[in-house]
Amino acid sequence: MCFRIVNVVNYQYGGKRIMLLIIHVKDEKENYVLQKELKPYFYAHQKKNVMYKLSIAVILFVSFTGYSQNDISNNQEATYKKEVKQTILEFFEGFHSGDTTKIKTTLDKNIVMQTIVKTKEGEVRTVKTDVEKILIAIKNRPVEQKWDERLLSFKIDADSSIANAWTPYEFYVNENFSHCGVNIFQLFNDGNRWKIIAIADTRNKVGCKKK
């Protein structure tokens with residue numbers, strides 16, 4: 001967002017000569033967000049008293065400040081999303097290399113893991129996963145066996161303390177396609193970094209778009 005000066009008003013106030021700058025605020029799409037509302041109003045009344053002109057300046061200043069605050073908020077949200085994504089990528093770096101120490105730095109001590117499964121009878125239910133057993137399996141994975149979980153995209157919502165990430169994936173074992181699904185990560189910010197507090201996933205053999 002940017003602004004430009006569209007008029008300059010000079011007047012006397014309290015025995016002093018004061019110059020008032022009238023500006024228009026421009027958004028990221030190059031639209032004059034204040035021009036439509038204020039320009040006609042200003043020119044229709046530009047010969048009125050000093051207090052009116054001051055009110056125009058106050059409106060412009062407040063509006064510009066509001067847009068600046070929104071920009072800061074958007075920048076903060078973008079930072080949170082970037083940090084959340086980095087934590088998830090670190091989790092998978094540890095997963096792929098068998099480095100459980102690295103994985104643990106991304107996990108909260110109270111983390112919950114669940115898988116959504118469909119039984120032979122067609123019932124859909126959740127199965128809780130023992131985190132410690134998963135970590136042991138990752139650490140003791142045979143050297144010749146390569147696990148490759150390829151994240152296809154990220155959809156992240158985050159504020160300063162909590163976040164949710166949706167990551168569709170495809171899973172390969174030694175370059176052979178195994179299954180696909182979606183991971184859902186929930187994270188919180190402990191003040192130092194983001195930690196994963198829950199992971200839920202689906203696993204499917206059909207309906208997968210294999211590369």
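Sequential numbering from 1 along the given sequence is applied to the chain's residues.
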[X] side chain near [Y] side chain, heavy-atom distance below 4.5 Å:
X      : Y      : result
Phe91  : Leu89  : no
Ile111 : Ile197 : no
Tyr172 : Ser178 : no
Val112 : Gln114 : yes
Ile156 : Lys85  : yes
Trp194 : Tyr80  : yes
Ile162 : Asn189 : no
Lys205 : Phe177 : no

Is a side-chain donor or acceptor of [X] paired with a backbone partner of [Y] at a separation under 3.5 angstrom?
X      : Y      : value
Thr202 : Val182 : yes
Asn174 : Lys146 : yes
Asp99  : Thr101 : yes

Report the C-alpha separation of Ile116 and Val124 in whole Å, then their side-chain angles, then the decisive distance to 0.1 Å, and conclude whether the side chain to side chain contact (heavy atoms under 4.5 Å, CB included) test is met. CA-CA 7 Å; Ile116 313 301; Val124 178; 3.7 Å; yes

With side chain to side chain contact (heavy atoms under 4.5 Å, CB included) as the criterion, how do Leu135 and Lys104 come out once you've worked through the C-alpha distance, each side chain's angles and the decisive distance to 0.1 Å? CA-CA 9 Å; Leu135 293 174; Lys104 288 178 180 178; 3.7 Å; yes

Taking all non-hydrogen atoms of both residues, which atom of Ile138 and which atom of Gly94 are closest, and how far apart? CG2-O, 4.4 Å

Which atoms form the tightest heavy-atom contact between Val84 and Ala158, and what is the distance? CG2-CB, 4.5 Å

What's the spacing between [X] [atom1] and [Y] [atom2] if we round to 0.5 Å?
X      : Y      : atom1 : atom2 : result
Thr106 : Phe95  : OG1   : CZ    : 12.0 Å
Ile88  : Asn183 : CD1   : CG    : 8.5 Å
Glu77  : Lys82  : CD    : NZ    : 15.0 Å
Ser161 : Asp190 : OG    : CG    : 11.5 Å
Gln76  : Ser160 : CD    : OG    : 8.0 Å
Thr167 : Ile184 : OG1   : CD1   : 8.5 Å

Specify whether Phe171 and Trp147 have parallel, tilted or perpendicular ring planes, treating 30° as the upper limit for parallel and 60° as the lower limit for perpendicular. tilted

Hey, mind stepping through Lys195 and Phe188 against side chain to side chain contact (heavy atoms under 4.5 Å, CB included) and telling me if it holds? CA-CA 6 Å; Lys195 293 285 187 73; Phe188 88 109; 3.7 Å; yes

Give the C-alpha distance, both sets of side-chain angles, the deciding distance and a yes or no for side chain to side chain donor-acceptor pair (under 3.5 Å) between Thr115 and Asp201. CA-CA 5 Å; Thr115 297; Asp201 72 298; 2.8 Å; yes

From CA spacing to verdict: side chain to side chain contact (heavy atoms under 4.5 Å, CB included), Met113, Lys128: CA-CA 6 Å; Met113 290 186 178; Lys128 189 174 181 180; over 6 Å; no

State whether [X] and [Y] are salt-bridged, where the test is any N-O pair (Lys NZ or Arg NE/NH1/NH2 against Asp/Glu carboxylate O) under 4.0 Å.
X      : Y      : value
Glu149 : Arg203 : no
Arg193 : Glu90  : yes
Lys118 : Glu123 : no

What residue among Thr129, Thr100, Ile103 forms side-chain contact (heavy atoms from CB on, under 4.5 Å) with Ile134?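 For Ile134, the side-chain contact (heavy atoms from CB on, under 4.5 Å) check succeeds only for Thr129.
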
